[in-house]
Amino acid sequence: MHVVVNAAESVDGKLATRRREQLRISGEEDFARVDRVRARSDAVMVGVGTVLADDPHLTLDDAALRAERGEADRPPHPARVVVDSSGRTPPDARILDGAATTYLLVSEATTPARREDLADAGAEVIPAGEDRVDLAAGLDALADRGVDRLMVEGGGEVIFSLFEAGLVDELSVYVGSMIVGGRDAPTLADGEGFTENFPRLDLTDVERLDDGVVLSYDVRAE
């Protein structure tokens, strides 16, 4: 599977405020770019924290992109994936509205009753891992369901965990011209952080969009 991480951050590397509130960092040009990246993907992944904070839809806005996917015998929208170790996704979340297939990666710690509730709400629940989601096992399960190209949109915990597991192939970051600050504000890669064996990147492109820049990287193979 090819994994592409895409994110928007402030100049000081923040994805949102310390209150975890949704923050508009980029503009219309970058929104269109993100839509194109989604359209090339088989599935779009976020963590449950993003679902709880932002209630995203994770579908394509551009009708022309939806039509192109249809002409290629693909669903109009990529599948949606939530990493949700304990099954906290609300049954009325927008990603469960039936507009696209939605996979929930949960751990064995999620109770059978909760899994059934989420399945009844429209999710395909995939157990992967004991106490928390095993991302490598989860991605294998997604591959078995036809996901060859996965776009990851956050948040910082999921992105860090994917880098930690050596599962990321590409990284694109929109850097907006603003400062957010706050030691508790989420960053591109949260989690425990690396003290050695830092993932290394090769810069492949720099593009100015809106009032910021998009930095594109390939992740070096270990």
Side-chain angles (χ1 to χ4, degrees), residues 3-41 43-66 69 76-84 88-90 92-97 99-100 102 149-163 168 170-191 193 201 203-217:
V3 177
V4 179
V5 171
N6 182 84
E9 65 178 23
S10 61
V11 169
D12 57 331
K14 306 299 185 181
L15 302 182
T17 70
R18 60 183 173 82
R19 295 176 179 172
R20 306 275 165 164
E21 298 166 332
Q22 190 173 23
L23 185 64
R24 179 165 174 154
I25 295 174
S26 62
E28 296 302 325
E29 291 179 338
D30 189 57
F31 294 159
R33 178 191 67 84
V34 172
D35 223 29
R36 293 192 296 272
V37 178
R38 283 181 180 172
R40 293 194 296 270
S41 305
V44 180
M45 172 184 282
V46 295
V48 67
T50 298
V51 172
L52 295 173
D54 301 339
D55 195 20
H57 202 213
L58 301 181
T59 51
L60 298 178
D61 295 325
D62 191 332
L65 293 175
R66 297 196 296 270
R69 287 177 59 93
H77 303 287
R80 301 171 290 193
V81 182
V82 182
V83 180
D84 185 1
R88 292 188 294 151
T89 298
D92 60 350
R94 294 176 70 209
I95 48 97
L96 294 175
D97 65 355
T102 300
R149 185 177 181 89
L150 177 67
M151 178 187 183
V152 181
E153 296 197 21
E157 295 283 345
V158 169
I159 292 173
F160 172 80
S161 296
L162 287 165
F163 271 108
V168 182
E170 294 181 41
L171 170 66
S172 294
V173 183
Y174 179 88
V175 182
S177 299
M178 63 191 303
I179 297 292
V180 175
R183 65 178 60 87
D184 297 324
T187 64
L188 178 70
D190 285 336
L201 313 174
L203 182 65
T204 59
D205 191 39
V206 178
E207 179 183 12
R208 179 164 185 166
L209 290 179
D210 300 313
D211 190 28
V213 295
V214 180
L215 306 176
S216 299
Y217 300 90

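Side-chain contact between His77 and Arg66 is present, with heavy atoms from C-beta onward closer than 4.5 Å. Proximity of Val44 to Pro56: side-chain heavy atoms (C-beta onward) are nowhere separated by under 4.5 Å. Under the 4.5 Å side-chain criterion, counting only non-hydrogen atoms from C-beta, Ser10 is in contact with Met178. No side-chain heavy atom of Glu170 sits under 4.5 Å from any side-chain heavy atom of Val5. Side chains of Val51 and Pro90 form a contact here, defined as non-hydrogen atoms less than 4.5 Å apart. Considering only heavy atoms from C-beta on, Val83 stays 4.5 Å or farther from Val48 through its side chain. Residues Val158 and Val152 meet the side-chain proximity criterion, which asks for heavy atoms closer than 4.5 Å. Inter-residue side-chain proximity for Val214 and Val175 is flagged as unmet; no heavy-atom pair is nearer than 4.5 Å.
For Asp190 (side chain) and Thr187 (main-chain N/O), a donor-acceptor pair under 3.5 Å exists by modelled atom type. Lys14 places a side-chain N or O within donor-acceptor distance of the main-chain N or O of Gly182, the cut-off being under 3.5 Å. Proximity of a side-chain donor or acceptor of Arg80 to a complementary backbone N or O of Ala100 within less than 3.5 Å is detected. In this structure a side-chain-to-backbone donor-acceptor pair under 3.5 Å is present from Ser161 to Glu157. Checking side-chain atoms of Tyr174 against main-chain N and O of Ile25 turns up no donor-acceptor pair under 3.5 Å. Although no hydrogens or angles enter the test, the distance criterion places no donor-acceptor pair under 3.5 Å between the side chain of Glu29 and the main chain of Leu209. Checked by atom type and distance alone, the side chain of Asp12 pairs as donor or acceptor with a backbone atom of Val180 at under 3.5 Å.
Leu188 contributes atom CG, which lies 6.0 Å from atom CG of Leu171 (distance to the nearest 0.5 angstrom). One distance of note links CG of Asp30 with CG of Asp211; it measures 12.0 Å at 0.5 Å rounding. Within the model, atoms CG of Asp205 and CG of Leu203 stand 7.5 Å from one another, a figure rounded to the nearest 0.5 Å. Rounding to the nearest 0.5 Å gives a distance of 12.5 Å between CZ of Arg19 and CG of Asp184. Atom-to-atom distance recorded for Leu96:CG and Thr102:OG1 is 5.5 Å, nearest 0.5 angstrom. A distance of 12.5 Å separates CE in Met45 from CE in Met151, rounded to the nearest 0.5 Å.
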Verdict with supporting geometry, Ser26 and Asp210, side chain to side chain donor-acceptor pair (under 3.5 Å): CA-CA 7 Å; Ser26 62; Asp210 300 313; 5.1 Å; no

Criterion side-chain contact (heavy atoms from CB on, under 4.5 Å) on Val46 and Ile95, from CA distance to verdict: CA-CA 11 Å; Val46 295; Ile95 48 97; 5.8 Å; no

Full working for side-chain contact (heavy atoms from CB on, under 4.5 Å) between Val4 and Leu150: CA-CA 6 Å; Val4 179; Leu150 177 67; over 6 Å; no

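Scanning all heavy atoms of the two residues, the minimum distance from Ala185 to Thr17 falls at CB-C, 3.9 Å. Residue Ala8 comes nearest to Leu15 through the heavy atom pair O-CD2, 3.3 Å, listed as atom of the first residue, atom of the second, then distance. For the residue pair Ser41 and Pro78, the shortest heavy atom distance occurs at O-CB, 3.5 Å.
Heavy-atom contacts from other residues, nucleotides or ligands closer than 6.0 Å to CZ of Arg208 number 12 or fewer.
For Thr204, the side-chain contact (heavy atoms from CB on, under 4.5 Å) test picks out Ser216, Asp218, with sequence neighbours left out. Partners of Glu153 under the side chain to side chain donor-acceptor pair (under 3.5 Å) rule, at least two apart in sequence or in another chain, are Arg38.
Between the side chains of Ser172 and Asn6, not a single donor N or O lies within less than 3.5 Å of an accepting N or O.
For residues 51-65, every residue pair satisfying the side chain to side chain donor-acceptor pair (under 3.5 Å) rule, not counting sequence neighbours, is listed here: His57-Thr59, His57-Asp97.
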